[in-house]
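In what follows, every chain begins at residue 1, and chains take the letters A, B, ... in the order their sequences are listed.
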Number of protein chains: 2
Amino acid sequence: MERTDTKERLLGATLKLISTRGYLGATTREIAREAGVSELTLFRHFRSKERLFEEVLNTYTFLPRLRELLPELEGLPCDEALMSIGTGFLETLKERKSMVRIMFSEMNTYPEKVRRVHKRFIDETILTLANYFRALQDRGRLRKFPHTTGARAFLGMVFSYFQTEEIVKGRNINKKEMQRTVGEFTDIFLRGVK
Amino acid sequence: MERTDTKERLLGATLKLISTRGYLGATTREIAREAGVSELTLFRHFRSKERLFEEVLNTYTFLPRLRELLPELEGLPCDEALMSIGTGFLETLKERKSMVRIMFSEMNTYPEKVRRVHKRFIDETILTLANYFRALQDRGRLRKFPHTTGARAFLGMVFSYFQTEEIVKGRNINKKEMQRTVGEFTDIFLRGVK
DNA sequence: CCATAATGTAAGCACTTACTTACATTAGGA
DNA sequence: TCCTAATGTAAGTAAGTGCTTACATTATGG
């Protein structure tokens, strides 16, 4: 009974290694070494690599915070509310970068498992935002437009920005840059470019 | 001298298998079998799996294709031009789906050399559209806005849409749905939602 | 103080992988 | 007709890979 955090260390090491080297590229030997335990311990806790991976997905699944965020935006003007939604979304993505990486890398290895995570996060976020837009339309704060497509559009801008900069280029989007870019996205989304 | 298209068949098989199983998951045996040649022939044409993969990336790049999207839009009004860019972009992504899959799923596991090409690809795509926007601004057809962010925004909407539907969900976006959605994106992008 | 549960070390197994070697076949051009 | 270039078959190699077995160590709680 030497350690109590063995399982957590293994899960963390697996998340790290699979997100950087891919499922096939991350070996159980290396995961164990990264966690500071023997390979045998890995197999004693999780019976196979696949089960280990599954537990990683379950452990680090993330849910959108948008729903909790919305009530706080009640009184705000549209631009400030959207700005807040955009930066909140981007911050969640940054926090869960490893999981986002895995989501799009292991789509082929384990399609159903990964799709579940995607559905829980992306689809849910689009839906929530779309409903929010509809509410704003009903109150006359926004003009009529297809609210689901609108949600897709806004989140798509932010997500693609995250994907190209943080994931593909490996850059870190700092607070200042984030504020600026999301601000510009918001402005375009609200006012249009014409 | 039995066949003249051996190399092409191998490149095609590699594209197909790597895009579905990943770089490590696609074995040289299977690639050869898919191409209808012996594994030895594969190694005689390309000396290693890595070189084979590099040639695949060079062969199937579609950056030139994207560049062709702009020139023919001279006389069109903004909304039609944007619509054309959006659908053209989306159609290219669909056509080159395998490449898109490879580029955005596993890039972090590939050698630095490959990643650099990929980064340049993204930057150039954004830059091309950004320059187009600037030209339209100079001619007073669009209002002043940060043109690079604008290009990011528009391409991001379309790309995220493609990624979610075609890659993650495995759906086929048909012509009609594509027209509608891109039309709505364009409208939002030009007029805003306020 | 001792049973137990969590860990370790070490060896190894069955399998796969990228890649090689040696040798044979075949078809077209000189 | 014969040389050459492209291909094939078959066997094999070295280095992994996930996972197992056998056995030892150690700390803790009753």
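The side chain to side chain contact (heavy atoms under 4.5 Å, CB included) test with A:Leu11 is passed by exactly one of A:Asn58, A:Asp5, A:Thr59: A:Thr59. Screening A:Arg101, A:Arg171, A:Lys94 for a salt bridge (Lys or Arg N to Asp or Glu O under 4.0 Å) involving A:Glu166 leaves a single residue, A:Lys94.
Contact annotation: A:Ser48 does not reach the phosphate of D:dG18 (side-chain N/O to OP1 or OP2, under 4.0 Å).
Here C:dA18 presents its P atom at 14 Å from CZ of B:Phe53, a figure rounded to the nearest Å. A straight line from CZ of A:Phe43 to P of D:dT17 spans 12 Å, rounded to a whole angstrom. Separating the CD atom of A:Glu30 from the C1' atom of D:dC19 is a distance of 17 Å, rounded to the nearest angstrom. In this entry the distance linking NZ of A:Lys49 with C1' of D:dG16 reads 12 Å, nearest Å. Between A:Leu42 atom CG and D:dT17 atom P there is a gap of 14 Å when expressed in whole angstrom units. Whole-Å rounding puts the A:Arg9 CZ to C:dT7 C1' distance at 13 Å. In this structure, B:Arg47 atom CZ and C:dT21 atom P are separated by 13 Å, rounded to whole Å. One can place CZ of B:Arg33 at 14 Å from P of D:dG8, the figure rounded to the nearest angstrom.
Residue A:Ile126 holds its CD1 atom at 8.5 Å from OG1 of A:Thr148, rounded to the nearest 0.5 Å. Considering CG of B:Leu93 and CZ of B:Phe162, their distance stands at 5.0 Å, rounded to 0.5 Å.
Using a 4.0 Å cut-off between charged nitrogen and carboxylate oxygen, A:Glu165 and A:Lys169 count as a salt-bridge pair. Classification of B:Asp79 and A:Lys194 as a salt-bridged pair fails, no side-chain N sitting under 4.0 Å from a carboxylate O. Salt bridge status for A:Lys113 with A:Glu106: absent, with no side-chain N to carboxylate O gap under 4.0 Å. With respect to A:Glu72 and A:Arg65, no salt bridge is recorded, no charged nitrogen being found less than 4.0 Å from a carboxylate O.
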Throw together a table of side-chain donor-acceptor distances under 3.5 angstrom for residues 180-187 of chain A, partners on residues two or more places apart or in other chains.
from     : atom 1 : to       : atom 2 : distance (Å)
A:Thr181 : OG1    : A:Tyr161 : OH     : 3.3
A:Thr181 : OG1    : A:Glu177 : O      : 2.9
A:Glu184 : OE1    : B:Thr149 : OG1    : 2.5
A:Thr186 : OG1    : A:Val182 : O      : 2.8
A:Asp187 : OD1    : A:Arg191 : NH1    : 3.2
A:Asp187 : OD2    : A:Arg191 : NH1    : 3.3
A:Asp187 : OD2    : B:Arg143 : NH2    : 3.1

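Looking at residues 10-26 of chain B, you'll see that no heavy atom sits under 4.0 Å from any atom of DNA chain D.
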**Asked** Where along nucleotides 9-14 of chain D does protein come under 4.0 Å, by heavy atom, of base (B) or sugar-phosphate alone (S), with - for untouched nucleotides?
**Response** B-----

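Relative to the side chain of B:His45, the nucleotides C:dT7, C:dC19, D:dT7 differ in distance, and D:dT7 lies closest.
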